[in-house]
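A short worksheet on the structure shown next.
If you're wondering where the values come from, they're calculated on a predicted model, not measured in any experiment. Chain identifiers are assigned alphabetically (A, B, ...) following the order of the sequence lines, protein sequences preceding nucleic acid strands; residue numbering begins at 1 within each chain.
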Amino acid sequence: MNPSFYDRPVLEVAPDLLGCVVEHAGASGIIVETEAYHDSEPASHAFVGLTPRTATLFGPPGRAYVYRSYGVHAMLNAVSEPEGVGAGVLIRALEPLDGVELMAARRGGLPLRSLCSGPGKLTQALGITLADNGCDLQHGPVVIRSRPAGWKRPPVSVGRRIGITKAAELPWRFCVTGSRFLSAPVRL
DNA sequence: CATGGGATTGACT
DNA sequence: GTCAATCCCATGC
């Protein structure tokens with residue numbers, strides 16, 4: 001998907017990414033859960049302004065922002081909105097598509113449903129690391145492409161974002177309705 | 001320079 | 001349901 005796709009309000013990009021495919025290192029999955037983050041709102045890393053950590057978020061749209069959470073997990077975001085605005089879409093869950101055996105090997109052979117049902121899980125399954133921070137999502141190594149044949153625009157459920165304390169009331173989480181591969185049920 | 005707080009997960013009770 | 005693991009980096013003294 002080209003950079004202009006991401007050069008829009010992050011609240012449009014986040015639901016539009018549902019059904020698209022994330023691909024890296026021989027494995028891929030269909031996005032079934034996203035969350036929007038924006039520098040105007042305190043749950044976003046970009047809320048603190050432009051720092052070395054948030055530079056990618058304020059950079060041009062269509063790149064990957066990868067950061068470490070709880071000292072352990074890598075999180076994948078798609079940088080959105082024009083350069084100078086700190087906004088991104090957190091990819092929270094995938095439905096495994098290709099390279100299932102490879103993903104299972106990376107994750108220790110768990111059942112299909114638990115392979116990518118969480119932001120830290122899917123980066124582990126796809127082999128995405130902090131080294132991928134800033135990479136171009138059109139050319140890779142981490143690639144996001146449009147919905148595979150047979151996938152129409154899926155029905156979307158909206159809810160509150162997960163695991164945050166600030167701005168927790170905003171309904172900025174988007175899930176494919178009824179998907180069995182979500183990280184948690186949709187809640188408001 | 002020291003400190004503290006996470007956009008989480010998995011193991012255990 | 002509870003809880004530790006583990007590290008980056010923004011903030012404050």
Just the table, please: protein N/O against nucleotides 9-13 of chain C N/O, every pair under 3.5 Å.
residue : atom : partner : partner atom : Å
C/dA10  : OP1  : A/T51   : OG1          : 2.8
C/dA10  : OP1  : A/R53   : N            : 3.3

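For the pair A/L170 CG and B/dA7 P, the computed distance is 14 Å after rounding to whole Å. Rounding to whole angstrom units, CD of residue A/E33 and P of B/dT8 are separated by 10 Å. Rounding to whole angstrom units, CD1 of residue A/I162 and P of B/dG6 are separated by 16 Å. In this structure, A/L57 atom CG and B/dA7 atom C1' are separated by 11 Å, rounded to whole Å. Atom CZ in A/F174 sits roughly 18 Å away from atom P in B/dA7 (whole-Å rounding).
Note on A/E33 versus A/R173: salt bridge recorded, some NZ/NE/NH1/NH2 to OD/OE distance being below 4.0 Å. A salt bridge links A/E23 with A/R145: the distance from a Lys NZ or Arg NE/NH1/NH2 to an Asp or Glu carboxylate oxygen falls below 4.0 Å.
Hydrophobic clustering (ILVMFWY, side-chain heavy atoms < 4.5 Å, transitive): A/V156 and A/F181 are in one cluster. The hydrophobic clustering, which links ILVMFWY residues whose side-chain heavy atoms are closer than 4.5 Å, places A/L17 and A/L94 together.
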Do A/V21 and A/R147 pass the side-chain contact (heavy atoms from CB on, under 4.5 Å) test, and can you show the C-alpha distance, the side-chain angles, and the key distance before you say yes or no?
CA-CA 6 Å; A/V21 175; A/R147 292 190 289 273; over 6 Å; no
Using the rule given for ring pair (Phe, Tyr, Trp, His ring centres under 6.0 Å), can you reason through A/H45 versus A/Y37, listing the C-alpha separation, both sets of side-chain angles and the distance that settles it, and then say yes or no?
CA-CA 8 Å; A/H45 291 172; A/Y37 288 89; 7.6 Å; no
Starting from the C-alpha separation in whole Å, work towards a yes-or-no answer on side chain to side chain donor-acceptor pair (under 3.5 Å) for A/S157 and A/T177.
CA-CA 5 Å; A/S157 296; A/T177 304; 2.8 Å; yes
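When all heavy atoms are compared, the tightest approach of A/R161 to A/A36 is NH1-O, 2.9 Å.
Of the N and O atoms on the side chains of A/N133 and A/T56, at least one donor lies less than 3.5 Å from an acceptor on the other residue. A/Q124 and A/R106 share no side-chain donor-acceptor pair at under 3.5 Å. Side-chain atoms of A/T51 and A/T54 include a donor-acceptor pair closer than 3.5 Å.
Within residues 110-132 of chain A, no residue has a heavy atom under 4.0 Å from DNA chain C. Contacts between residues 68-77 of chain A and DNA chain C, counted as heavy-atom distances below 4.0 Å, involve A/R68, A/Y70, A/G71, A/V72. Contacts of residues 179-188 of chain A with DNA chain B (heavy atom under 4.0 Å): none. The stretch residues 12-30 of chain A does not touch DNA chain B, since none of its heavy atoms comes less than 4.0 Å from the strand.
The residue A/I164 sits close only to the backbone: its heavy atoms come under 4.0 Å of sugar-phosphate atoms, none of a base. The residue A/R160 sits apart from the nucleic acid: no heavy atom pair falls under 4.0 Å.
In this structure, A/R8 is not positioned above the aromatic face of A/Y6 in the sense of NZ or CZ being under 6.0 Å from the six-membered ring centre and within 45° of the axis.
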Bracket notation of DNA chain B in which parentheses pair within the strand, [ ] cross earlier pairs, and | pairs with another strand (Watson-Crick or G-U, under 3.5 Å):
||||||.|||||.
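Under a 3.5 Å cut-off, the side chain of A/R53 and the backbone N or O of A/Y67 do not form any donor-acceptor pair. Between the side chain of A/S114 and the backbone N or O of A/L112 there is no donor-acceptor pair closer than 3.5 Å. Proximity of a side-chain donor or acceptor of A/T123 to a complementary backbone N or O of A/G120 within less than 3.5 Å is detected.
A/L11 CG to A/H38 NE2: the interatomic distance, rounded to the nearest 0.5 Å, is 8.0 Å.
A/T34 is listed as a side-chain neighbour of A/I31, based on a closest heavy-atom distance under 4.5 Å.
Taking for each of A/R107 and A/V89 the nucleotide of DNA chain B with the nearest heavy atom, the 5'-most of the two is the partner of A/V89.
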